[in-house]
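Working notes, structure below.
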Amino acid sequence: MIAFENFNEDSRIKAIRKAKQSILWVTPNILPSEADALIDMEHVLGQGNVECIIGENIEKDSNIEKVFYVETYLSSIEKLKSLKCKVKVLKNLKLGLIICDNIIYSFNYNIIDQNKGISCITMAISEENLKETYVKAKKDILNGQIENELNEKFSVELKNEILKDKNNILLMLRDYVQCVNMTFHGVRIVDKRINVSSFLKKYAFKNKEYKKDIKVDFKVFDGIQSIKDCSSEFNKFALKIKKEKLIKIEDIGFIIAKRRKKDLESSLDKFFKKQKLEMEKSKRLKDEICDGREKLKKHLLSLLKDYSINKNISNAIAIEEELKKIPDSNSIIDSFSYTLNYYDISIDMINNKEFYKQLIKELKKDNILDFLPDKI
């Protein structure tokens, strides 16, 4: 019987878990979940009835393969060391072969698209031909190959070989973390100034004695407590979220784990929505903004009482035009927003010893890429 099927991670694990007598596992790469299944089946079938041969090939021209390979492979070989059988490692293994009892699965192992399925030929062989096929398959696989035994010394050497290349480390870091710039807009409205020098210079400054006593700009919301309270809430939230969601690296900025990006954005959205709703309902805020505007208008009128800004209109009307520069409560509320800009870590960053040291220290606290070296 010959059948063709897609042979993804779940299919491979189901196949070996169905075995009643023996398993021969041959793949260029192996996932941690597959390693766990082999360990379980050795307990079920007994020592000597599970054999494992894996590859040691990293495609130098494929960044995706390299990142996937290092992350999963290093984890898997740690698990496989607990198998009682000797795990063989071949330098340039390309094809996949799994024999479970009398069923053979033969396939090209695509280590990029692990779960999309691999084209596989499944074939059943008779019991009398099983031993002969099993021995021949192993012989063909091992023929001409550079063979290593998976042990502590080999796994350490392999790990060191992979991680001595800074580009490998960079690719793994980029797969998990990014730099982020977080900016809050409108939250410093308390410092908003209105510049009225356009007419003050033209008219009032004609009198040199008067010039030294008059200001050309004004902090229109200075002293408005509701505005100060709003700004304070945003500032406190910014500090809180940076502490909880981001990793601070001195002299560089902030780093975020990619898995936390959605959580960060959701927290920001909820907070801004909540604050805006509260501000829209605040009669006090609206009243204080109006009062601040009127106080500035009266102040300007008193300063310019002896001057005519425009012959055709009153000072009050001319000043009113200038006061249109002051945002009303709706404009203030609408102005509150945030932007997040993400960008990848660069090779120059990880060449910065202090940056790399701080980053790895923080990542290991969160069990992220904890196999990376503390310094490079």
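Numbering starts at 1 and runs along the sequence shown. Everything numeric here is computed off the predicted structure, so don't read it as measured data.
In terms of heavy atoms, I350 sits closest to Y356 at O-CB, 3.8 Å. Here the shortest heavy-atom pairing between K245 and S267 reads CE-OG, 3.7 Å. Annotation for L83 and V87: closest pair CD1-CG2, 3.8 Å, computed over non-hydrogen atoms. Smallest separation of non-hydrogen atoms from L268 and L340: CD1-CD1, 3.7 Å. When every heavy atom of A35 is checked against every heavy atom of L80, the shortest pair comes out as CB-CD2, 3.8 Å. Of all non-hydrogen atoms in D287 and K283, the two that sit nearest each other are OD2-NZ, 2.7 Å.
Atom CD1 of I53 is separated from atom CG of L97 by 9.0 Å, given to the nearest 0.5 angstrom. To the nearest 0.5 angstrom, E362 atom CD is 11.5 Å from L246 atom CG. In this structure, CD in E250 is found 6.0 Å from CD in Q358, a value given to the nearest 0.5 Å. Atoms CD and SG, from E51 and C85 in turn, are 7.0 Å apart once rounded to the nearest 0.5 Å. To the nearest 0.5 Å, atom CG of residue N181 and atom CG of residue N341 are 6.0 Å apart. A distance of 11.5 Å separates NE2 of H43 from CG of L45, quoted to the nearest 0.5 Å.
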- Message: Evaluate M182 against I256 for side-chain contact (heavy atoms from CB on, under 4.5 Å), listing each step before the verdict.
- Response: CA-CA 11 Å; M182 182 173 69; I256 185 168; over 6 Å; no

- Apply the test side-chain contact (heavy atoms from CB on, under 4.5 Å) to residues D374 and K364: give CA-CA distance (whole Å), side-chain angles for both, the deciding distance (0.1 Å), then the verdict. CA-CA 10 Å; D374 293 331; K364 288 188 176 182; 2.6 Å; yes

- Task: Using the side-chain contact (heavy atoms from CB on, under 4.5 Å) rule, take I77 and V89 through it: C-alpha gap first, then chi angles, then the decisive distance, then the call.
- Result: CA-CA 10 Å; I77 62 174; V89 185; over 6 Å; no

- Taking it one step at a time, do K166 and L170 satisfy side-chain contact (heavy atoms from CB on, under 4.5 Å)? CA-CA 6 Å; K166 287 183 181 179; L170 177 63; over 6 Å; no

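Salt bridge present: E233 and K236 bring a charged side-chain N and a carboxylate O closer than 4.0 Å. Classification of E278 and K281 as a salt-bridged pair fails, no side-chain N sitting under 4.0 Å from a carboxylate O. Under 4.0 Å is where a charged nitrogen must lie from a carboxylate oxygen, and between K81 and E78 at least one such pair does. Salt bridge status for D101 with K18: absent, with no side-chain N to carboxylate O gap under 4.0 Å. A salt bridge is absent between D10 and K14: the closest approach of a Lys/Arg side-chain nitrogen to an acidic carboxylate oxygen does not fall below 4.0 angstrom.
In terms of modelled atom types and a separation under 3.5 Å, the side chain of Q275 and the main chain of F234 share no donor-acceptor contact. With E42 contributing its side chain and K84 its backbone, the two residues share a donor-acceptor pair below 3.5 Å. Remark: side-chain polar atoms of K276 are paired, donor with acceptor, to backbone N or O of F336 under 3.5 angstrom. Judged by distance alone, the side chain of E9 and the main-chain N or O of L31 form no donor-acceptor pair under 3.5 Å. Between the side chain of R17 and the backbone N or O of M41, no donor-acceptor pair lies under 3.5 Å.
Between F184 and F272, the two ring planes are perpendicular [angle over 60°; tilted spans 30° to 60°].
When the side chains of ILVMFWY residues are joined at heavy-atom separations under 4.5 Å, either directly or via intervening members, I13 and I39 end up in two distinct hydrophobic clusters. A chain of hydrophobic side-chain contacts below 4.5 Å, direct or via other Ile, Leu, Val, Met, Phe, Trp or Tyr residues, connects M172 to Y343. Hydrophobic clustering places I252 together with I347 (ILVMFWY residues linked when any side-chain heavy atoms are closer than 4.5 Å, directly or through intermediates).
Side-chain contact check for F355 versus I255: some heavy-atom pair is nearer than 4.5 Å. Between C179 and M349 there is a side-chain heavy-atom pair separated by less than 4.5 Å. With contacts defined as side-chain heavy-atom distances shorter than 4.5 Å, the pair I247/K365 does not qualify. Residues I30 and L38 meet the side-chain proximity criterion, which asks for heavy atoms closer than 4.5 Å. At least one side-chain heavy atom of R284 sits under 4.5 Å from a side-chain heavy atom of D229. Using a 4.5 Å heavy-atom threshold, the side chains of I169 and P373 count as touching. Contact of the F271 side chain with the I241 side chain is not registered, since no non-hydrogen atoms from C-beta on lie closer than 4.5 Å. By the 4.5 Å heavy-atom criterion applied to side chains, I345 and Q178 are not counted as neighbours.
Residues Y338 and D269 bring a donor and an acceptor atom of their side chains to less than 3.5 Å of each other. In summary, the side chains of N8 and S11 do present a donor paired with an acceptor at a separation below 3.5 Å, with no hydrogens or angles considered.
Counting non-hydrogen atoms of neighbouring residues, nucleotides and ligands closer than 6.0 angstrom, the NZ atom of K258 exceeds 12 such neighbours.
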